[in-house]
Amino acid sequence: MASPKYASNVPLKRRIGHYVTNAFIVGVIRLALLLPYEARLAFVGWIVQRVIGPVAGYRARALKNLAMIWPQTSKERREEIASKCLNNVGRSFIENYSARDFPKRMAKNTLIGPGFIALEAAAKNVKPVILVTGHYGNYEATRACLVARGYDVGGLYRNMKNPYFNAHYVQTMEAFGGPVFPQGRRGTAGFVRHLKEGGQLVLLFDQHVFGAPMLDFLGVPANTALSAAELALRYDALLIPFYGIRQPDGVSFETVLEAPVPHSDAATMTQALNDSLTARVEADPEQWFWVHRRWRNRGK
């Protein structure tokens, strides 16, 4: 796995902490990859649900978010949602490290929804497309499905705080095919160039962004970046919500591209994206990443 890049002023104690954390993660990955595919997913799902999630405080954060959004829901049900959310996180994580098995499986998937028809037409006319989703199910399922059909789907990623982990995690995104670009001036330049050339790009929009406009999400205002809609307007690109929805067997997916969001203004278009994700979360809350500090404006 690739070596990390550290700034010279990072304290030794932090470097050691990052090294030990990454060593544990790499150990889990290597052990899991020795297992048959379905057992691999079940194993890492269990580890994140039962060990990593509780110890790291992710379960507690998920429960706080759930209590704020759905206080009327029983405590038992909120606990079930938090547990299954963490299990999905673990499964998604090891899927993304299964660089041969996961794309091979997704290549057999059928892409459904009016958004796929719109994407096909846009590709024929060399018209740019921005595919937008949240941390729901496993979005890489749909990207892998598209890449298998010859679409050059790029992505923008945020570097992880742990450089040891980041060094190999970025490689998992590159392994699915399609260019990936780091956040920042250099990455954005490549991202925009790919878009201008009529390419397809993936953006995730469901994380807190300081200073971003307050838009409704799950009935509560949340700082929400307008960047996906702004790019769609600036470069006359289709804006298509999409989802990789995990099925009850825990292994297969429904890969869905919803109808493109009509162009209007950035705030209205982004609210439409929030509404789309809200509908998905309400339909199957166990698939969304409740661990995010999505409502930092409310101290959550």
Side-chain angles (χ1 to χ4, degrees), residues 96 103 106-107 111 113-135 139-160 166 169-207 209-213 215 223-244 255-274 276-277:
N96 295 349
M106 292 307 102
L111 289 155
F116 181 54
I117 297 170
L119 184 146
E120 285 184 306
K124 289 178 182 178
N125 294 312
V126 198
K127 181 180 177 66
V129 176
I130 299 175
L131 297 156
V132 188
T133 193
H135 293 79
Y139 70 91
E140 289 286 19
T142 305
R143 187 165 85 98
C145 195
L146 287 166
V147 169
R149 284 155 179 74
Y151 292 96
D152 193 25
V153 184
L156 188 68
Y157 67 89
R158 178 185 298 180
N159 282 318
M160 301 291 182
N166 188 73
Y169 188 72
V170 171
Q171 293 178 342
T172 70
M173 291 182 283
E174 295 171 338
F176 284 88
V180 293
F181 308 98
Q183 283 187 344
R185 183 176 298 178
R186 181 179 177 184
T188 301
F191 190 85
V192 169
R193 183 167 57 251
H194 185 72
L195 196 62
K196 284 182 175 180
E197 293 171 352
Q200 301 89 34
L201 292 168
V202 166
L203 281 175
L204 279 74
F205 78 105
D206 62 337
Q207 289 179 283
V209 176
F210 287 105
L215 299 177
N223 294 93
T224 308
L226 305 181
S227 50
E230 289 171 343
L231 285 167
L233 292 169
R234 187 176 306 155
Y235 299 106
D236 191 28
L238 291 184
L239 186 66
I240 300 178
F242 78 97
Y243 301 96
T255 43
V256 182
L257 281 73
E258 296 183 348
V261 173
H263 282 205
S264 54
D265 62 85
T268 300
M269 294 167 70
T270 304
Q271 184 59 60
L273 296 175
N274 268 358
S276 168
L277 181 55

Sub-4.5 Å side-chain heavy-atom contact between Asn274 and Thr224:
yes
Expected output: side-chain His263 to main-chain Ala237 donor-acceptor under 3.5 Å:
yes
Considering all heavy atoms, the nearest Ala123-Tyr151 contact
CB-CE2, 3.8 Å
To the nearest 0.5 Å, tell me how far Leu201 CG sits from Ile130 CD1.
7.0 Å
Quick check: does any side chain N or O of Asn125 sit under 3.5 Å from a backbone N or O of Ala121, one acting as donor and the other as acceptor?
yes
Nearest heavy atoms of Ala232 and Met269, plus distance in Å:
CB-CE, 4.2 Å
Euclidean distance, Gln207 CD relative to Asn223 CG, rounded to 0.5 Å:
13.0 Å
Does the side chain of Leu231 come within less than 4.5 Å of Leu203's, by heavy atoms?
yes
Report yes if the side chains of Arg234 and Val192 come closer than 4.5 Å at any heavy-atom pair, otherwise no.
no
Determine the sole option in Leu111, Thr133, Val256 for which the side-chain contact (heavy atoms from CB on, under 4.5 Å) test with Phe242 is passed.
Thr133
Atom pair NZ/CG of Lys127 and Leu238 - distance to nearest 0.5 Å:
5.5 Å
As a test of understanding, state which of Val129, Asp152, Thr255, Leu131 forms a side-chain contact (heavy atoms from CB on, under 4.5 Å) with Leu146.
Leu131
Side chains of Leu119 and Ile240, heavy atoms from C-beta outward: is any pair under 4.5 Å?
yes
Considering non-hydrogen atoms only, spot the tightest contact between Ala266 and Ala229 and give its length.
O-CB, 3.6 Å
Would you give the length of the straight line joining atom CZ of Phe205 to atom OG of Ser227, rounded to the nearest 0.5 angstrom?
10.5 Å
Which atoms form the tightest heavy-atom contact between Ala212 and Ala225, and what is the distance?
CB-N, 3.8 Å
Return the minimal non-hydrogen interatomic distance between Glu258 and Ser276, and the atom names on each side.
OE1-OG, 2.6 Å
Measuring from atom OG1 of Thr268 to atom CG of Leu215, what distance do you get when rounded to the nearest 0.5 angstrom?
9.0 Å
Which distance, rounded to the nearest 0.5 Å, do you find between the CZ of Arg143 and the CD of Gln200?
11.5 Å
Does Tyr243 reach the main-chain N or O of Leu277 with its side chain, forming a donor-acceptor pair under 3.5 Å?
yes
Tell me, do Leu273 and Leu239 make a side-chain contact under 4.5 Å, heavy atoms counted?
yes
With a 4.5 Å heavy-atom cut-off, do Leu257 and Pro114 have their side chains touching?
no
